2 protein chains.
Amino acid sequence: MRNSLADVVAAGLRVLDAQGLENCSMRRVAAELGVQPSALYHHVPDKQTLLALMADEIVGPVALGGGAAQGAEGAAGAQAAGPAADPRAFCMALREAMLAVRDGADVVATAAAFRLGASDVERWLTALVGPDGARTLLLYTFGHAQSTQTHRQAAALGALIDPAALPRRDAAAVADPERDLDASFERGLAIILRGLDASATSGR
Amino acid sequence: MRNSLADVVAAGLRVLDAQGLENCSMRRVAAELGVQPSALYHHVPDKQTLLALMADEIVGPVALGGGAAQGAEGAAGAQAAGPAADPRAFCMALREAMLAVRDGADVVATAAAFRLGASDVERWLTALVGPDGARTLLLYTFGHAQSTQTHRQAAALGALIDPAALPRRDAAAVADPERDLDASFERGLAIILRGLDASATSGR
DNA sequence: ACCTGAACACCGTTCAAGT
DNA sequence: ACCTGAACACCGTTCAAGT
């Protein structure tokens, strides 16, 4: 039989991961399903809506399945419990989920901005650290993940840049940008959490 | 006589501010200059480069002209001094500059990610608060500004959403989202700066 | 309910050629 | 140096029509 909405979203994620957001066109998603472009509009009103559904799929495991990342596909052995109880683990899991699919951070961040204050992840974080802490952590996490993925993409294209032409201080980061960015994320997270602690123990 | 690179960048900014990033095509920029699309490729190798130059123009006043925003165009009465000496003022000025042009945050954040660790703004902030603090503040500022502008755009299109259908807790934010987002940005900034202070006074 | 086929109004980029 | 004209391989979306 024919395709369901879930099939369309899954095909979208496959194209996104394989080709990147730039090349994730309605026409390519349709081709992935072996169907005419116009057929997609039976399942989804426009591209933006499809991307929002894809974002939900990317983030789903984090909001529902606990701190450990589970792959965007099946989520076979899901813990029935809620998300991680600790904001650090939550943000790291969120980051991992976004980084697991190509340009995932862009897709998730854009969708989240459309529902500012009303997303599941923001609600969960608000329960853990209050509304200001939640938004700060979330936007930092999005910003860092987007930056990481854009930088990855730039590095993938421009293996062209000659490391010898760079200032000495950037040498380590150029040598292993992936490890550097992971560590940089965790240090920033620590700074924000320290700020939240200080706010809690002082007069607010 | 004919157009210069500066003319192309200026035309790009005019189209961006008037039509948004989505509609800021090479063909429209060319039309703004009264020229064929192919003529742009004499000044610029591709669209990405043009957007990066536009990003520099948007952020320029902040990196060079002090804390006060000055409009992306002329910057007639520039203070000769460096940027704001205080990280709070610097981030607020950066945010203001990005918000001053439609989709400015998207354009600046993308360009910044391509030069991660090598942008002028990151260098300046690093001098004020060290590399971890700089990246944290920067990515938070980008994330919040992007979120603000995306949310604006959504609100502009969907005056459709019925406020009565929303949970009560969001009522104030819906009533005046602009003021709410400004205040939210400053509270998040305070949290991060408090975290940096705590790191400095404690053992690091 | 789900899809095809054809169309409309667009894209970024290249390239030979003009002045 | 700066631009035109024409072309290539694409876009998102709509709409009548099929099954």
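In what follows, chains are A, B, ... by sequence order, proteins preceding strands, each numbered from 1. Given the structure is predicted, the values throughout are model-derived calculations rather than measurements. Values below: all heavy atoms of this structure, side chains included; hydrogens, waters and symmetry mates excluded.
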**Message:** Let's test this: given Watson-Crick or G-U wobble pairing with both distances under 3.5 Å, identify the partner of D/dC11.
**Reply:** none
**Message:** Can you give me the first and the last nucleotide of DNA chain C (5' to 3') that has an atom within less than 4.0 angstrom of a non-hydrogen atom in chain A?
**Reply:** C/dA1 to C/dA7
**Asked** To the nearest 0.5 Å, how far apart are CD in B/Glu96 and CE in B/Met92?
**Response** 7.0 Å
**Message:** Between B/Arg28 and A/Ser38, which residue's closest nucleotide on DNA chain C lies nearer the 5′ terminus?
**Reply:** A/Ser38
**Asked** Can you find a heavy atom in the side chain of A/Leu51 that is under 4.5 Å from one in the side chain of A/Leu16?
**Response** no
**Message:** What verdict does the salt bridge (Lys or Arg N to Asp or Glu O under 4.0 Å) test give for B/Asp7 and B/Arg2, after you've listed the backbone C-alpha separation in whole Å, the side-chain angles of each residue and the deciding distance to 0.1 Å?
**Reply:** CA-CA 9 Å; B/Asp7 293 331; B/Arg2 342 274 248 285; over 6 Å; no
**Prompt:** Paired with C/dT4: which nucleotide, if any, by Watson-Crick or G-U wobble criteria at under 3.5 Å for both distances?
**Reply:** D/dA16
**Request:** Output the distance between atom CG (A/Leu193) and atom CD1 (B/Ile192), rounded to the nearest 0.5 Å.
**Result:** 11.0 Å
**Fill in**
Whichever of B/Arg2 and B/Arg27 has the more 5' nearest nucleotide on DNA chain C, that residue is B/Arg27
**Prompt:** Given the P atoms of C/dC10 and D/dA9, what is the spacing between them in whole Å?
**Reply:** 22 Å
**Asked** Atom CZ in A/Arg194, atom OG in A/Ser199: separation rounded to 0.5 Å?
**Response** 13.0 Å
**Message:** Classify the ring geometry of B/Tyr140 against B/Phe185: parallel below 30°, tilted from 30° to 60°, perpendicular beyond 60°.
**Reply:** parallel
**Fill in**
Taking for A/Cys24 and for B/Val35 the nucleotide of DNA chain D with the nearest heavy atom, the one nearer the 5' end belongs to B/Val35
